[in-house]
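Heads up: numbering here begins at 1 and tracks the sequence.
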Amino acid sequence: YILLLEYVYAELVDEKTPTFSYSEVTDDYLSSRYLVKFKKGSAMMGNIANAASPNKLFTRTSSGVKLSLPKEEIAVMDLDSINEVEYWETRDDVEAVELDTKVYLQAEQIPYGIKSVKALTLTDSDVSNRKVCIIDTGFDINHPDLTSDLNVVSGYTGSLTAGDWKEDGHGHGTHVAGTIAAIHNSDGVLGVNRNGELKLHIVKVFDKNGSWTWGSHLMSAVQECVDAGANVVNMSLGGSGYSSFAEGFFSSILENDNVLLVAAAGNHGNDMYSYPASFSSIMSVAAININNDIANFSQHNDEVDIAAPGVGVLSTLPLSVSSSGYGVYHGTSMSAPHVSGVAALVWSLYPEKTALEIRNVLEESAEDLGTLGRDNYYGHGLVRADLAAAMLDSGFTFSPTITPPACFDYPEGWHDSDGIKYDCNWYATSNNCEDFGDGWPHLGKTAQEACCACGGGNKSASTSSPTKSPTVSTKAPTFSTKGPTISTKSPSIPTSSPTSFPTPYPSNKPTNGPSEKPTIHPTESPSVFPSALPSAPPTKSPTKAPTKAPTKAPTNSPTSATNGACQEELLGRFFFKLKNGTFVPISKNCRWLDAQGPSKKNRICAMTQSRNGFEPANKVCLATCKTCDGSNQETPSPTPAPSKRTPTCDETPSRKFVLRVNASGNNVFKSCRWLSTSKSSKIERICGETVPSNTASSVTAIAREVCRSTCKTCPS
């Protein structure tokens, strides 16, 4: 498969471009100092210019003249009210009145993204123990805001390099590097890690044109990063081509080499998968703007893990690309280095942690944006260095201890579509929330959305004071004035990129890669609930259990039946689909199929096509597809489903557990259905948690206790 740089467009910052911040502009409009320009020959202007004490000339103002510019017929006055301003504007001898604006020394700027991720709240005094590998277009080693110390920055010089790693004729790689590690030196900009001591390793896979490279080259580049001792790999690149070889390779890097992998989610603004970001072993980073709104170009799907600034990002550029050495770029390519930089910064303070632990804490501590909890646009939310460090700090309670928020059933007087008997009070009894809470909507809401007892309702925060303030970290930031040496060496200017790209098969004529991830999405899902209630009225207090019992079966399938005829090889492979409609087959194994959601599993088991020696799933995965007798139909059980209070391996799909606490201190609930359809790595991570992650309420249910079938934690 092929890879492209993931950025949308650039705005180069010219040397004459002012760099006033919003606060500076606001200060001007709060000022009472004005320039009053008189008409030529004005007697008043003459009096002001000749007066030894010009303030004595005025009786209508308490402030008076600060300065006069006689040749320009201008007097500088303090006017303390709008009435005074209007007085001078309406005089016959006054030509105009304007604010006297402020002028600032053009010193170092802090890009908004560095502020958004709260990088400056943590010290970077220990970042020399971390190394970030940047796979990109190169690195301008002569840039005054980037380190030139070869004990700090190194690069790949082997046969697969796209050129001298110390040069960047395109600018993309230098821009990425600036976000991660631009030096605090009272000039230009600064990065997430700003003391010039974060170790960098550069692998140049794109030339000055920044067009494309092979997926196999990317795997080789990542291996070079690992061999160089990198802890974090930044990949601001991507393509639509899927490779099972690459998927396995990246999983091994994360799990066996303890290296955190970060990549851009993609810039097509749709729900297609971009690789390598959409491999589960890689953090897929979406782009947001200064207001924390999702960028319209940012790709959104169920593989997006986290978000970071990617619109209007100011960073370093080679002088051959920008005469000022700086520019504003837009894209998920700009978002990824914010996450890579924060990962290195936080990890440097807790070097004993693993890559998986760092990834977990970045996601779980992210500032929740968009829909409550993880969503396909923002992932877990905005990466925050301060909150991640707070979660890792020993003795720190991630969320302050507060009175649980008040909750009111909403809409008031809600009941489900079966009538007023089935209101929130009814759902609060027994296991009714778990069994029936996600069905029978009324007024646009189910019980899980309307009733506090089911995790819904309208919550308002308590006004009581927290018992412990969320002091984020005691590790205060420090700044260094260390700067690199400067030379006049500049790489050449890039040319335009091609419009079409080859596939990962070098022996064939290059074509465009596949446009979507090789999975099949069902067009509809079987309903969990019956379509109607029994016609006979209840003879006593209504209970819905007989007619509305959940029908979802346990998600874990046996590997063999008791008669020995339903055995299957977990790694047995079946035909899944054709790659991009060509004759190249894609296969999957039975273990993968068993981990899918029931709807997707049923659809795949219903497929009958075979190709290139691969049989369909229903002939390979006999136990998972329940086709031991050649049929894809389940045999109805002659006995009723066990009670949900019976210690079996059944689980209620709609039952919820506490996933985490968001930045506002509220519990984030998820259902077993959501967990069972998640990626296998995520299921393993969430099911592995043994301590409830919430502190804002008395709910202590964790996934392994609630979703016993999905987590495979059935009681003995």
Side-chain angles (χ1 to χ4, degrees), residues 1 3 129-135 180 199 201 203 205 215-239 242-266 273-286 301-306 308 332 335-348 350-366 374 379-380 383 388 391-392 517 591-592 595 678-689:
Y1 61 108
L3 300 151
N129 67 26
R130 299 294 96 183
K131 180 180 287 189
V132 177
C133 188
I134 303 173
I135 301 175
I180 295 172
K199 291 182 172 60
H201 189 69
V203 182
V205 298
S216 55
H217 284 187
L218 177 64
M219 287 190 281
S220 178
V222 172
Q223 188 60 57
E224 162 63 21
C225 294
V226 174
D227 294 343
N231 307 107
V232 181
V233 177
N234 186 89
M235 295 172 283
S236 291
L237 43 78
Y242 169 82
S243 166
S244 60
F245 298 142
E247 184 172 24
F249 169 80
F250 287 117
S251 294
S252 176
I253 295 296
L254 173 65
E255 297 169 8
N256 299 329
D257 295 305
N258 195 34
V259 175
L260 183 64
L261 304 169
V262 180
Y273 295 97
S274 177
Y275 299 97
S278 292
F279 292 133
S280 61
S281 56
I282 296 177
M283 291 189 75
S284 177
V285 187
N301 51 60
D302 58 5
E303 295 292 349
V304 172
D305 295 299
I306 205 160
T332 53
S335 305
H338 283 92
V339 175
S340 296
V342 168
L345 177 62
V346 173
W347 205 350
S348 73
Y350 309 89
E352 73 283 358
K353 299 297 181 182
T354 66
L356 279 169
E357 288 173 321
I358 294 298
R359 172 174 177 167
N360 184 51
V361 77
L362 292 180
E363 292 179 357
E364 296 303 312
S365 66
R374 191 217 160 268
H380 292 275
V383 65
M391 183 174 274
L392 288 169
K517 188 177 181 179
R591 176 185 293 166
W592 173 86
S678 298
K679 295 180 290 186
S680 56
S681 59
K682 182 178 292 186
I683 292 175
E684 182 178 356
R685 174 161 49 88
I686 294 174
C687 289
E689 295 178 351

Got a second to check how far Tyr350's OH is from Met391's CE, nearest 0.5 Å?
-> 11.5 Å

Residues two or more places apart in sequence or in another chain: which of them pass side chain to side chain donor-acceptor pair (under 3.5 Å) with Ser284?
-> none

Return the minimal non-hydrogen interatomic distance between Cys133 and Ala230, and the atom names on each side.
-> CB-CB, 3.7 Å

List the atom of Ser280, the atom of Glu303, and the distance in Å for their closest heavy-atom pair.
-> CA-OE1, 4.1 Å

Would you confirm whether Ser236, through its side chain, and Ala264, through its main-chain N or O, come within 3.5 Å as a donor-acceptor pair?
-> no

Shortest non-hydrogen separation from Val304 to Ala265 and the atoms involved | CG2-CB, 4.4 Å

Side chains of Tyr273 and Asp302 in contact at under 4.5 Å (non-hydrogen atoms) | yes

Not counting sequence neighbours, which residues clear side chain to side chain donor-acceptor pair (under 3.5 Å) with Asn301? List them please.
-> none

Is the closest side-chain heavy-atom distance between Val222 and Met235 below 4.5 Å?
-> yes

Heavy-atom closest contact (Leu237 atom, Pro276 atom, distance) = CD1-CD, 3.9 Å

Closest heavy-atom pair, Ala388 versus Val346, reported as atoms and distance to 0.1 Å, is CB-CG2, 4.1 Å

Can you find a pair of side-chain heavy atoms, one from Ile134 and one from Cys225, that are under 4.5 Å apart?
-> no

Report yes if the side chains of Ile358 and Leu362 come closer than 4.5 Å at any heavy-atom pair, otherwise no.
-> yes

State whether the side chain of Arg359 and the backbone N or O of Ser281 hold a donor-acceptor pair below 3.5 Å, judged by distance alone.
-> yes

Output the distance between atom CZ (Phe249) and atom OG (Ser243), rounded to the nearest 0.5 Å.
-> 11.0 Å

Do Asn258 side-chain atoms and Ala355 backbone N/O form a donor-acceptor pair below 3.5 Å?
-> yes

Output the distance between atom CD1 (Ile282) and atom OG (Ser251), rounded to the nearest 0.5 Å.
-> 8.5 Å

For the residue pair Arg130 and Leu345, establish whether any side-chain heavy-atom pair is separated by less than 4.5 Å.
-> no

Taking atom CD1 of Ile135 and atom NE2 of His201, what is their separation to the nearest 0.5 Å?
-> 9.0 Å

Go through Leu254 and Leu356 one step at a time and tell me if the side chain to side chain contact (heavy atoms under 4.5 Å, CB included) criterion holds.
-> CA-CA 7 Å; Leu254 173 65; Leu356 279 169; 3.7 Å; yes

Whether Asn129 side chain and Ser348 backbone form a donor-acceptor pair below 3.5 Å | yes

Whether Ser278 side chain and Ser274 backbone form a donor-acceptor pair below 3.5 Å | yes

Looking at CE of Met283 and CD of Glu363, how far apart are the two atoms once the value is rounded to the nearest 0.5 Å?
-> 4.5 Å

With Val339, which of Asn234, Val232, Val262 fulfils side chain to side chain contact (heavy atoms under 4.5 Å, CB included)?
-> Val262

Please list, chain by chain and in numerical order, all residues satisfying side chain to side chain donor-acceptor pair (under 3.5 Å) with Asp227, sequence neighbours excluded.
-> Gln223

Would you indicate whether the side-chain heavy atoms of Trp347 and Leu260 approach each other to under 4.5 Å?
-> yes

